[in-house]
A.B. asks: 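Next up is a structure, given as structure tokens.
A note on names: the letters A, B, ... follow the listed sequences, proteins ahead of strands, and every chain is numbered from 1. All values reported here derive from a predicted model rather than from experimental measurement.
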There are 2 protein chains.
Amino acid sequence: MEQTINILKKHGISPSYQRVKIFGYLMETKTHPTAYDIFAKFKSEIPSLSKTTVYNVLSALKEKNLVNEVHIEGHETRFDAEMRQHGHFKCSVCGQVSDLFLTQDLNQILSQKLVIQDIQFNVTGICNQCLTLQNNN
Amino acid sequence: MEQTINILKKHGISPSYQRVKIFGYLMETKTHPTAYDIFAKFKSEIPSLSKTTVYNVLSALKEKNLVNEVHIEGHETRFDAEMRQHGHFKCSVCGQVSDLFLTQDLNQILSQKLVIQDIQFNVTGICNQCLTLQNNN
DNA sequence: TACAATTTTATAATGATTACAAATTTAGAA
DNA sequence: TTCTAAATTTGTAATCATTATAAAATTGTA
């Protein structure tokens with residue numbers, strides 16, 4: 001809470017109630033929620049909350065490099081406050097998205113010299129839990 | 001043309017006029033067009049063409065593993081008939097998406113054992129052309 | 001307290017995609 | 001060749017995520 005507020009301040013974002021809630025949630029969760037997920041999560045706790053606010057907050061966080069967008073499938077944009085380089089895994093059975101830590105720095109596998117701003121590494125497959133369920137049926 | 005038709009047949013897709021046109025285009029282009037790009041490209045040549053058809057054809061091609069979807073930014077879904085493993089680079093200045101060939105097999109950098117269906121490697125940055133333009137101004 | 005700036009909110013608009021059903025085309029049987 | 005059923009394409013409307021806009025509420029400060 002204090003920590004969340006300090007990070008926001010340090011990055012020039014004044015810590016409004018909604019911003020602290022949303023950014024705090026993104027820092028503690030590993031579920032890579034969509035804007036709608038975040039809206040649904042807080043709607044009962046903050047009844048006045050509007051979807052526009054969620055989008056506004058997310059876009060402010062992104063602009064200050066406090067969160068990354070994750071694009072794995074179609075339309076859905078997910079958000080992640082883990083800023084260290086890592087990949088994402090989406091299970092095509094249960095739909096969950098989890099972090100994927102990698103054995104190598106992704107910058108090293110490029111074959112061309114380019115000015116890089118962002119690297120995303122996204123894997124789709126079947127998670128071990130769903131695989132076990134499938135094998136038992 | 002014959003080649004395009006043969007590939008479609010081999011994968012159990014009957015080669016209708018629209019399918020041959022769209023798949024043929026995806027095989028020869030490297031621009032990673034969106035559904036709308038494809039629609040716009042053929043609208044004058046095939047005036048009856050409907051956006052729904054473009055989506056139908058793309059989804060059939062995808063189901064038979066003849067094309068991959070590319071998700072780099074926001075909502076936009078792009079299509080690619082290059083099925084060998086490779087990455088994508090999007091220039092944040094000019095917006096162009098190009099292929100990125102990699103120095104290493106992406107399967108090898110995963111730190112966990114998982115059933116993998118698809119791997120996407122997407123880089124955002126500034127292409128060399130836009131970089132040169134910037135430096136000259 | 002009063003006022004300006006910031007933030008949040010509701011509503012409407014946009015853009016991509018999907019659902020659906022009618023129209024057209026195709027393929028195969030008679 | 002003709003007829004019919006199945007496949008394909010098409011236009012329209014619906015849906016979903018996101019953005020635009022402007023009013024309302026909140027905050028910080030003189």
A.B. asks: Check the distance between D/dA17's C1' and A/R78's CZ and give it to me in whole angstrom.
C.D. replies: 13 Å
A.B. asks: Let's see if you get this right: which residues in residues 10-34 of chain B place a heavy atom under 4.0 Å from DNA chain C?
C.D. replies: none
A.B. asks: Tell me, with the steps shown, if B/Q112 and A/L100 meet side-chain contact (heavy atoms from CB on, under 4.5 Å).
C.D. replies: CA-CA 8 Å; B/Q112 300 153 52; A/L100 209 54; 3.7 Å; yes
A.B. asks: Check every strand shown and say whether B/S48 touches a base, only sugar-phosphate, or nothing at a heavy-atom separation below 4.0 Å.
C.D. replies: sugar-phosphate
A.B. asks: Verify the contact: side-chain N or O of B/T52 to OP1 or OP2 of D/dT9, cut-off strictly under 4.0 Å; return yes or no.
C.D. replies: no
A.B. asks: Using a cut-off of strictly less than 4.0 Å, decide whether A/Y55 has a side-chain nitrogen or oxygen near OP1 or OP2 of D/dT18.
C.D. replies: yes
A.B. asks: Please state how far atom NZ in A/K43 lies from atom P in C/dT9, giving the value in whole angstrom units.
C.D. replies: 8 Å
A.B. asks: With distance as the sole test, does B/H32 use its side chain to make a donor-acceptor pair with the main-chain N or O of B/V97 at under 3.5 Å?
C.D. replies: yes
A.B. asks: Do A/F39 and A/Y55 make the cut of ring centroids closer than 6.0 angstrom?
C.D. replies: no
A.B. asks: Between the side chain of B/T103 and the main-chain N/O of A/L110, is any donor-acceptor distance below 3.5 Å?
C.D. replies: no
A.B. asks: Can you tell me how far C1' of D/dT9 sits from CZ of B/F42, to the nearest Å?
C.D. replies: 16 Å
A.B. asks: Could you tell me the separation between the CD atom of A/E63 and the P atom of D/dT19, rounded to a whole number of Å?
C.D. replies: 13 Å
A.B. asks: Using whole Å, report how far NZ of B/K51 lies from C1' of D/dA13.
C.D. replies: 13 Å
A.B. asks: What is the distance from CD1 of B/I46 to C1' of D/dT10, rounded to the nearest Å?
C.D. replies: 13 Å
A.B. asks: Here's a test of your reading of the structure: between B/N56 and B/T77, which maps to the more 5' nucleotide of DNA chain C?
C.D. replies: B/T77
A.B. asks: More 5' along DNA chain D: B/P47 or B/H75, using each one's nearest nucleotide?
C.D. replies: B/P47
A.B. asks: Take B/S92 and A/Q117 through the side-chain contact (heavy atoms from CB on, under 4.5 Å) test and state the conclusion after the steps.
C.D. replies: CA-CA 9 Å; B/S92 60; A/Q117 293 166 335; 2.8 Å; yes
A.B. asks: Does one side chain, of A/H86 or A/D80, offer a donor that lies under 3.5 Å from an acceptor on the other?
C.D. replies: yes
A.B. asks: If we ignore angles and hydrogens, is there a donor and acceptor under 3.5 Å between the side chains of B/N135 and B/T132?
C.D. replies: no
